[in-house]
Amino acid sequence: MDVSQILDPLNDAQRQAVCAPAGHIQILAGAGSGKTRVLVHRIAWLMQAEGVSPYSILSVTFTNKAAGEMRSRIEHLLKIPAGGLWVGTFHGIAHRLLRAHWKEADLPQGFQILDSEDQLRTIRRLIRDMGLDDNHYPPKEAQWYINARKDEGQRPENIDHRNDPHLRQMIEIYHQYEAMCRRTGVVDFAELLLRAHELWLKHPQMLHHYQQRFKHILVDEFQDTNTIQYAWLRMLVGKDSHMFAVGDDDQSIYGWRGARVENIHQFGKDYKNSSIFRLEQNYRSTGNILNAANALIANNSERMGKNLWTEGEEGEKIRIYAAFNELDEANYIADQILTWVEGTGLRSECALLYRSNAQSRVLEEALIKNRIPYRIYGGLRFFERQEIKDALSYLRLIDNDRDDAALERIINLPTRGIGNRTVEVLRETARNNGCSLWQAITTVQQEKALPARALQALQNFADLMQGLIEATQNVELAEKIEHVIHHSALRTHYAKEKGEKGQARLENLEELINAGRSFEMDAYDDDLPEMDELAAFLSHAALEAGERQAQEGDDCVQLMTLHTAKGLEFKQVFLCGVEEDLFPHRLSADDPARLQEERRLCYVGMTRAMQRLTLCYAEKRRLYGDDKYTRPSRFIKELPAELVEDVRMPGFVAPAASSMYLQEENNTGLKLGQRVMHKKFGEGVVLNYEGAGQHARVQINFANAGSKWLVMEYANLMIL
DNA sequence: GCGGAGACCCTTTTT
DNA sequence: GGGTCTCCGC
């Protein structure tokens with residue numbers, strides 16, 4: 001067997017990892033070191049050199065994009081379809097298991113998936129129905145709480161309320177929410193993972209079957225695994241199976257959503273005989289960029305340890321641009337891009353990365369002003385769009401009449417005279433009888449619990465749904481969708497919406513029909529039960545919300561958050577707003593662990609750059625409506641001086657508008673850094689201003705009392 | 001049932 | 001500052 005195709009494109013470290021003898025293996029793969037390549041080639045190696053059957057390989061990723069890329073690269077390398085091989089996301093694989101074993105998992109056969117938005121709506125509804133004040137129990141917080149507990153593998157009955165009444169109530173909300181999901185036959189994202197874990201916990205013989213089957217378990221982005229994902233993996237790894245975990249602790253940026261970098265350390269403890277390989281040769285960035293990134297990340301503690309290097313050239317220094325304000329920052333960047341393009345560079349080679357989405361607007365405006373086309377990542381994806389979710393809700397209700405969330409969404413959409421009062425009566429009836437809202441319609445009608453007009457409106461809705469159910473039996477999926485969009489009058493409803501928006505919505509609805517036409521059921525390799533095509537389509541819509549929408553194609557500058565940029569690379573990168581309080585974000589600055597995550601985020605951002613990296617900060621920034629004086633991020637100071645260069649023109653004088661602003665601000669009579677004395681708090685230093693004149697507030701860092709915001713009018717400060 | 005006024009919020013995102 | 005949600009009046 002000729003394996004040269006598999007091994008030749010690899011460097012020594014990669015080859016060692018790919019050919020490592022069976023055993024538990026951990027790969028620490030630095031940014032741009034060929035991580036995906038190693039995973040793909042490892043799978044190819046197992047199959048072609050070791051004669052491993054694709055049937056016994058499981059490869060897990062976090063995103064559908066990564067899973068898709070992995071599968072296609074494997075097929076490209078092997079030049080055959082990799083049938084039988086399981087490649088998927090944690091959620092996709094859990095879903096597959098639960099479909100196959102719905103009975104053992106104690107789920108209804110046709111269970112559907114509740115996406116985050118539906119989950120939030122459900123929880124909001126529930127909190128109100130429980131008679132709780134949603135100011136005291138914000139639905140968002142409850143949602144976060146529930147998902148976090150599920151990610152940790154906890155059910156409400158296992159959580160200690162520690163006699164805390166608020167916590168006790170949160171647990172009760174979790175409890176009620178669970179009951180609601182059971183009643184309506186839906187499962188949220190976190191539940192997929194938790195159920196899949198419990199499924200094996202409760203059915204050891206089934207676990208044994210999968211342990212026997214999957215001899216090789218490969219995990220991508222291992223640093224992003226949360227508690228339940230790692231527990232699930234550990235369970236699956238039987239005594240004859242091997243885990244191949246690829247990750248980078250320095251690129252762990254999802255701690256805030258439950259990811260545990262500690263799992264990387266835990267791996268070595270759990271698998272004492274495991275070996276570890278490091279991929280440190282970088283094929284992406286210049287030496288200067290790597291050295292600067294290395295220096296930055298060296299400020300973090302408890303690292304596994306890793307130093308990126310390159311055979312390539314040193315390259316340019318890292319540029320630091322100190323802007324006067326956010327407009328100046330944006331203009332500078334636009335200007336630099338124009339220069340880049342004049343020098344035959346492509347716009348698409350340039351990326352503008354920022355910490356938070358709110359920063360994008362000013363950048364966009366500057367790009368528009370300079371007629372620079374751009375593409376912005378983020379925002380709604382196809383299956384998350386309002387009109388698409390409306391249409392899907394009809395389909396969900398057809399598929400499962402217990403789906404209350406779907407019914408609530410469309411019972412009066414388009415409006416058909418079913419008001420809030422009517423729906424309230426339905427809810428109450430459903431609650432009292434422990435039935436679905438759909439069933440409650442019949443009950444309410446029988447009991448004549450509403451005025452005749454409302455009853456008639458309900459009857460019309462019931463007739464409509466009944467008609468849709470009958471008309472969509474035994475027809476092609478696309479035809480089903482088409483029929484629903486047309487006869488529910490969603491199409492006419494959105495046609496009435498004026499302007500481009502309405503037009504776009506209509507086009508999206510058409511696109512949904514197309515999606516139905518091109519939808520292919522996964523051809524599963526084993527004994528998975530036949531799944532109804534509509535149900536499969538709905539699951540697909542929830543699990544793969546589709547591409548983030550943006551005008552594709554043209555040569556566009558790329559705008560995105562630092563988080564979104566992970567895994568991507570660009571010749572020229574601008575990190576925008578590299579300022580204290582923005583990056584690191586002020587909400588993360590106090591907690592050392594979160595601060596380290598911010599630093600890793602900066603590391604991720606810097607290592608996206610291949611040739612040129614510019615860090616920008618503004619000395620003053622308008623954010624959330626008011627102006628703030630800012631300080632450059634501590635991350636800038638952590639870069640070795642010999643690797644950076646200041647690109648603000650020396651001796652440059654602030655433009656008139658800017659200096660006027662400064663004067664106006666300065667009528668507090670104080671300058672930044674000014675030492676002052678306060679009667680009560682003692683001596684301190686001026687850190688920041690807000691507003692102007694006598695209503696201005698000033699932030700002072702007191703030597704003994706810490707940092708405080710004071711109103712000038714009352715502060716009575718003495719200048720020292 | 002809809003549209004306007006006011007309250008409220010505001011980090012990062014995938015499934 | 002701006003986007004979203006809620007409430008109230010028509």
Side-chain angles (χ1 to χ4, degrees), chain A residues 60-67 88-95 113-121 124 128 134-135 138-141 144 147 150-151 187-194 196 220-221 224-226 228-229 252-259 326 353-362 365 377-381 383-384 386 412-423 457 496-497 539-548 560-567 577 581-589 594 597-598 600-602 604-605 621-628:
Chain A
V60 201
T61 63
F62 276 86
T63 65
N64 292 302
K65 195 172 154 217
T89 62
F90 278 101
H91 291 87
I93 287 161
H95 175 244
I113 299 165
L114 204 64
D115 71 17
S116 312
E117 190 205 345
D118 294 339
Q119 183 188 37
L120 182 61
R121 283 165 178 261
R124 180 176 293 131
R128 285 182 192 168
D134 47 11
N135 291 313
K140 269 251 169 64
E141 201 178 292
W144 182 86
N147 289 335
K150 288 188 179 188
D151 285 346
V187 162
D188 61 48
F189 290 128
E191 184 77 20
L192 287 170
L193 302 175
L194 183 50
D220 191 16
E221 305 278 18
D224 289 339
T225 51
N226 64 28
I228 195 75
Q229 285 160 340
S252 161
I253 56 173
Y254 288 112
W256 52 273
R257 65 175 198 211
E326 76 279 5
L353 310 183
Y354 35 83
R355 177 65 179 83
S356 62
N357 288 307
Q359 289 170 252
S360 74
R361 223 194 69 248
V362 180
E365 281 165 7
Y377 288 72
L380 283 186
R381 290 171 311 170
F383 285 110
E384 290 168 352
Q386 183 190 315
N412 200 33
L413 191 111
T415 49
R416 48 174 74 89
I418 301 177
N420 221 332
R421 172 83 197 115
T422 305
V423 178
K496 279 187 215 142
E497 200 170 321
S539 299
H540 166 83
L543 282 172
E544 301 194 35
E547 275 293 297
R548 294 216 172 257
M560 68 193 82
T561 64
L562 286 151
H563 283 89
T564 308
K566 192 170 128 191
D581 287 355
L582 193 57
F583 189 31
H585 200 275
R586 65 183 131 80
L587 297 177
S588 302
R594 297 177 70 181
E597 183 155 306
E598 296 279 319
R600 292 193 291 266
L601 192 56
C602 189
V604 166
R621 178 178 298 272
R622 172 169 288 205
L623 203 62
Y624 300 139
D626 45 20
D627 283 306
K628 292 251 161 69

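Note on naming: letters A, B, ... go to the chains in the order of the sequence lines (proteins, then strands), and numbering restarts at 1 for each one. Nothing here was measured: the structure is a model prediction, and the numbers come from that model.
- Comparing B:dC10, B:dT13, B:dT15 against the side chain of A:Asn357 picks out B:dT13 as the nearest.
- For the pair A:Leu194 CG and B:dT15 C1', the computed distance is 15 Å after rounding to whole Å.
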Run A:Arg355 and A:Glu598 through side chain to side chain contact (heavy atoms under 4.5 Å, CB included) and show every step you take.
CA-CA 9 Å; A:Arg355 177 65 179 83; A:Glu598 296 279 319; 2.6 Å; yes
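- For A:Asn64 and B:dT14, the shortest distance from a side-chain N or O to OP1 or OP2 is not below 4.0 Å.
- Counting any heavy atom pair closer than 4.0 Å across all strands shown, A:Tyr624 reaches a base atom.
- Between A:Arg128 and C:dT6 there is a side-chain polar atom (N or O) within less than 4.0 angstrom of OP1 or OP2.
- Residue A:Asn412 places at least one side-chain N or O under 4.0 Å from the OP1 or OP2 atom of B:dG1.
- Of the possible polar contacts, none joining the A:Gln119 side chain to the A:Asp188 backbone as a donor-acceptor pair under 3.5 Å is found.
- When each of B:dT15, B:dT13, B:dC2 is scored by its nearest atom to the side-chain atoms of A:Thr415, the top-ranked nucleotide is B:dC2.
- One atom, CD of A:Glu141, and another, P of B:dT11, lie 14 Å apart when rounded to the nearest Å.
- For the pair A:Glu117 CD and B:dT14 P, the interatomic distance rounds to 15 Å; values are reported in whole Å.
- Atom pair A:Gln229:CD and B:dT14:P shows a separation of 15 Å (rounding to whole Å applied).
- Close to B:dT12, at under 4.0 Å from its OP1 or OP2, lies no side-chain N or O of A:Thr564.
- One atom, OH of A:Tyr254, and another, P of B:dT15, lie 10 Å apart when rounded to the nearest Å.
- Checking the phosphate oxygens (OP1, OP2) of C:dG2, a side-chain nitrogen or oxygen of A:Arg361 falls inside 4.0 Å.
- Counting any heavy atom pair closer than 4.0 Å across all strands shown, A:Ile418 reaches sugar-phosphate atoms only and no base atom.
- Along DNA chain B, the nucleotide closest to A:Ala542 and the one closest to A:Gly419 are compared, and the more 5′ of them pairs with A:Gly419.
- Comparing C:dT4 with B:dT13, their P atoms are spaced 16 Å from each other, to the whole Å.
- The phosphate of B:dT11 has neither OP1 nor OP2 within less than 4.0 Å of any side-chain N or O from A:Thr561.
- Atom CG of A:Asp115 and atom P of B:dT13 are 17 Å apart (whole Å).
- Between the side chain of A:Glu384 and the backbone N or O of A:Arg381 there is at least one donor-acceptor pair closer than 3.5 Å.
- Here the C1' atom of nucleotide C:dC5 and the NZ atom of A:Lys140 are 11 Å apart, to the nearest Å.
- Closest to the side chain of A:Glu384, from the set C:dT6, B:dC10, B:dT15, is B:dT15.
- Both A:Leu192 and A:His563 lie near DNA chain B, and the one whose nearest nucleotide falls closer to the 5' end is A:His563.
- Close to B:dT15, at under 4.0 Å from its OP1 or OP2, lies a side-chain N or O of A:Arg381.
- Under a 4.0 Å N-O distance rule, the pair A:Arg600/A:Glu597 qualifies as a salt bridge.
- Within 4.0 Å of A:Glu191, counting heavy atoms only, lies no atom of the nucleic acid at all.
- In this structure, A:His91 does not pack face-to-face on the six-membered ring of B:dT15, missing the 5.5 Å centre cutoff or the 30° plane limit.
- Closest contact between the side chain of A:Arg622 and the listed nucleotides B:dT15, C:dG1, B:dT12 involves C:dG1.
- Atom CG in A:Leu413 sits about 14 Å away from atom C1' in B:dC2, given to the nearest Å.
- Within the 4.5 Å cutoff, the side chain of A:Asn412 has no heavy atoms near those of the A:Val423 side chain.
- Annotation: C:dC5 and B:dT12 have their P atoms spaced 16 Å apart (nearest Å).
- Using a 3.5 Å distance cut-off with no hydrogens or angles, the side chains of A:Asp224 and A:Gln229 do not pair a donor with an acceptor.
- Taking 90° from 0 as the syn/anti boundary, the base of B:dT11 is oriented syn.
- Ring pair A:Tyr254/A:His563 is tilted by interplanar angle, where 30° to 60° counts as tilted.
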